[in-house]
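Fair warning: this is a prediction, and the values are worked out from it, not measured in the lab. Note on naming: letters A, B, ... go to the chains in the order of the sequence lines (proteins, then strands), and numbering restarts at 1 for each one.
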2 protein chains.
Amino acid sequence: MDDGVNREQGLTAASQVHLALKRDLIGGRFRAGEKLAIASLRQHYGVGLSPLREALNRLAAYGLLEQENQRGFRVPTLSRAELDDIAEMRRRLEVQALTLALENGDDEWEAMLLGAFHRLRRADEALGADPETLEHWEQMHLQFHRCLLAPCGSKWLLRFIEQLHDQFDRYRRLAPANHGIRETLDAQHEDLVALAIERRVGGAVDMLQTHIRLSHEVAQGACT
Amino acid sequence: MDDGVNREQGLTAASQVHLALKRDLIGGRFRAGEKLAIASLRQHYGVGLSPLREALNRLAAYGLLEQENQRGFRVPTLSRAELDDIAEMRRRLEVQALTLALENGDDEWEAMLLGAFHRLRRADEALGADPETLEHWEQMHLQFHRCLLAPCGSKWLLRFIEQLHDQFDRYRRLAPANHGIRETLDAQHEDLVALAIERRVGGAVDMLQTHIRLSHEVAQGACT
DNA sequence: TTAGGATAAAAAATCGATTTTTCACTATGA
DNA sequence: TCATAGTGAAAAATCGATTTTTTATCCTAA
């Protein structure tokens with residue numbers, strides 16, 4: 001009697017507030033280092049204490065919050081050293097994943113990848129000043145990178161890359177926008193698709209590393 | 001007025017049950033695939049519902065439990081494919097970490113490493129049939145491997161390795177004991193210490209890979 | 001016999017109230 | 001002046017009760 005849609009829609013209050021908090025943490029809607037006032041979060045997200053605390057515990061275990069016994073939850077601070085660590089790990093793990101993905105990816109994957117890139121490009125064109133289109137672009141961007149590495153065959157590799165991506169994006173989204181560089185980055189997405197489909201492993205890996213390093217430079221704007 | 005000890009002792013009920021549950025999950029005290037009956041856990045660990053649920057949420061975010069909306073928590077199943085993934089990731093990440101650790105490790109680290117190895121050897125000698133000495137050996141073993149890679153300089157690399165270690169140990173501890181292999185593995189610990197202190201990167205990396213692969217073979221006994 | 005639907009029991013999730021701990025502030029005495 | 005103890009307010013953590021959802025069982029009709 002239930003289809004996949006209903007199953008996904010049947011989110012608990014804890015899962016809903018978990019998603020909303022995750023979005024807001026990565027989107028930079030809390031100050032770095034800020035202590036979270038649980039009572040006001042309760043108001044803001046319109047949930048009770050129990051599901052809210054469950055969500056906070058999940059996010060702390062994931063690394064998007066810091067938890068100290070008897071002292072509640074705190075938004076992690078930003079530092080150049082930590083960003084460098086995150087970016088370097090991302091580079092190493094994504095290179096591994098891309099290499100494996102190019103070995104395993106099939107025709108269907110190529111089709112999905114082209115689709116994801118098309119959606120990203122459309123989101124780029126639609127990009128305005130409103131947070132609506134920005135959030136949509138972020139979604140398409142994340143899905144593009146996910147799709148690129150999806151067929152790598154390692155659940156744990158993908159899991160860690162996802163986690164690093166979330167950490168990285170918190171920095172990137174706090175950094176000042178740089179329109180010249182943004183265009184370069186998007187051109188790299190297109191090149192990545194072409195190189196990946198042609199299975200030019202060396203070229204694709206180099207392009208991905210260049211892409212991550214350039215994003216890293218952009219994201220550094222969040223630290224200073 | 002508080003020292004580090006008091007701070008650590010000042011654990012919340014949620015943190016205590018989190019630690020206890022983590023220990024029991026890795027120690028194999030639940031059947032793989034088992035659905036956790038929250039009411040009986042509450043009894044068994046002697047805590048209320050809220051701290052228990054917070055602990056379960058943390059463990060699910062960490063990957064030691066599976067959570068399905070409205071359907072509670074389940075112990076992850078075991079599979080050969082997943083173990084292979086975990087072991088292969090462990091091998092790749094630990095090789096990276098060891099290489100960096102040998103670059104950065106100082107005299108103090110060498111001293112700590114010798115100490116950790118000594119404690120592991122003593123725990124080996126004291127090893128009896130009681131779960132008391134076994135749990136102590138597991139602690140010393142974990143601390144030895146932690147210590148070996150500690151100076152690698154990457155917080156995220158160490159975090160992922162720790163997570164994979166916990167996953168791996170769940171398999172290893174379910175596998176039947178093999179005394180001949182156990183002695184080989186312990187000899188490798190000693191070789192690792194010597195190679196690490198002499199900064200023979202190639203040799204140490206090879207030894208670590210051999211060590212992980214042999215452990216992998218042992219752990220496969222949990223799947224069949 | 002079996003698919004579908006109502007129903008009761010069980011389990012999960014949530015809520016509001018209570019207890020415990022921390023934090024900010026003041027007062028006291030050396 | 002400074003360290004320290006005390007005090008009340010605020011926040012975190014926990015508890016027990018309630019609501020919601022799932023699951024198992026039985027019943028009915030095709």
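Listed candidates were C/dG16, C/dT22, C/dA13. Nearest to the side chain of A/Gln70 is C/dT22.
Look at CG on B/Asn69: it is 13 Å from P on C/dA12, rounded to the nearest Å. When the P atom of C/dA11 is taken as reference, atom CZ of B/Arg74 falls 13 Å away, rounded to whole Å. Nucleotide C/dA11 holds its P atom 14 Å from the CZ atom of B/Arg53, rounded to whole Å. What separates CG of B/Leu49 from P of C/dA13 is a distance of 10 Å, to the nearest Å.
Judged by distance alone, the side chain of B/Asp169 and the main-chain N or O of B/Arg172 form no donor-acceptor pair under 3.5 Å. A donor-acceptor pair under 3.5 Å is absent between the side-chain atoms of A/Ser15 and the main chain of A/Leu11, judged by distance alone. Looking only at distances, no side-chain donor or acceptor of B/Trp156 sits under 3.5 Å from a matching main-chain atom of A/Ala87. Between the B/Asp166 side chain and the B/Leu64 main chain, no donor and acceptor come within less than 3.5 Å of each other.
No contact: A/Ala37 has no heavy atom under 4.0 Å from any strand. When heavy atoms are screened at a 4.0 angstrom cut-off, B/Ile38 is found touching the sugar-phosphate backbone but no base atom. In this structure, B/Leu36 reaches the sugar-phosphate backbone alone: every heavy-atom distance under 4.0 Å involves primed, P, OP1 or OP2 atoms, never a base. Heavy atoms of B/Ala39 sit nowhere under 4.0 angstrom from any nucleic acid atom.
Side-chain contact of B/Asn57 with B/Tyr62: a donor-acceptor pair under 3.5 Å is absent, judged by distance alone.
The end-to-end axis angle of the helix from C/dT1-D/dA30 to C/dA30-D/dT1, rounded to 10 degrees and based on five pairs per end, is 20°.
Comparing A/Ser50 and A/Gly72 by the nucleotide of DNA chain D that holds the closest heavy atom to each, the one mapping nearer the 5' end is A/Gly72. Nearest-nucleotide positions on DNA chain D place B/Gly46 closer to the 5' end than the other of B/Gly46 and B/Lys35.
Note on A/Arg23 versus A/Glu138: no salt bridge recorded, every NZ/NE/NH1/NH2 to OD/OE distance being 4.0 Å or above.
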